[in-house]
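Remarks on the structure that follows.
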Amino acid sequence: MADKEKPLRTFNSRAAEELYHAGRQFWKTLFLIVVLAIILYITHFLSAGWTVLFAIIGFLMLLITVTYSVGHFVRFLLFRSRNQ
């Protein structure tokens, strides 16, 4: 049985591609904030150690996704200014 592959996404410009990726990272950041808030709310009833551990891991993941989102947005601005 053959694997069904997703068709590759095509963009009409490099700026459009970077804007797409910046938007995807933005939604991942919002999703991460919601999930992290739920996890931290639940763990604060269990143990302070677990809460701190999940807070540190969540903060690092949040920092990474925000950095990627800002990076893609800056690349979008560069490509848009160059009309690429």
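- With rounding to the nearest 0.5 angstrom, the CG atom of Leu32 is 14.5 Å from the CH2 atom of Trp27.
- Under the side chain to side chain contact (heavy atoms under 4.5 Å, CB included) criterion, Ala15 pairs with Ser13, Phe76, Phe79, Arg80, sequence neighbours left out.
- The CZ atom of Arg24 lies 8.5 Å from the NE2 atom of His21; values are rounded to the nearest 0.5 Å.
- Residues Ser69 and Ala22 come closest through the heavy atom pair OG-O, 3.4 Å.
- How far CD1 of Ile38 is from CD1 of Ile33: 12.5 Å, rounded to the nearest 0.5 Å.
- Looking at residues two or more places apart in sequence or on another chain, you find no side-chain hydrogen bond (donor to acceptor under 3.5 Å, both in side chains) involving Gln25.
- Taking a 6.0 Å sphere around CZ of Phe31, one finds it holds 12 or fewer heavy atoms contributed by other residues, nucleotides or ligands.
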Check residues 47-67 and write down every donor-acceptor pair under 3.5 Å in which the side-chain atom is one partner and the other belongs to a residue at least two apart or another chain.
from: Ser47; atom 1: OG; to: Gly49; atom 2: N; distance (Å): 3.2
from: Thr51; atom 1: OG1; to: Thr43; atom 2: O; distance (Å): 3.0
from: Thr51; atom 1: OG1; to: Thr43; atom 2: OG1; distance (Å): 3.4
from: Thr51; atom 1: OG1; to: His44; atom 2: N; distance (Å): 3.3
from: Thr51; atom 1: OG1; to: Ser47; atom 2: O; distance (Å): 2.9
from: Thr65; atom 1: OG1; to: Thr29; atom 2: OG1; distance (Å): 3.3
from: Thr65; atom 1: OG1; to: Met61; atom 2: O; distance (Å): 3.3
from: Thr65; atom 1: OG1; to: Leu62; atom 2: O; distance (Å): 3.0
from: Thr67; atom 1: OG1; to: Leu63; atom 2: O; distance (Å): 2.6

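- One finds the NE2 atom of His72 at 11.0 Å from the CG atom of Leu19 (value rounded to the nearest 0.5 Å).
- Summarising the geometry, atom CZ belonging to Arg82 is positioned 8.0 Å from atom CZ belonging to Arg14; distances are rounded to the nearest 0.5 Å.
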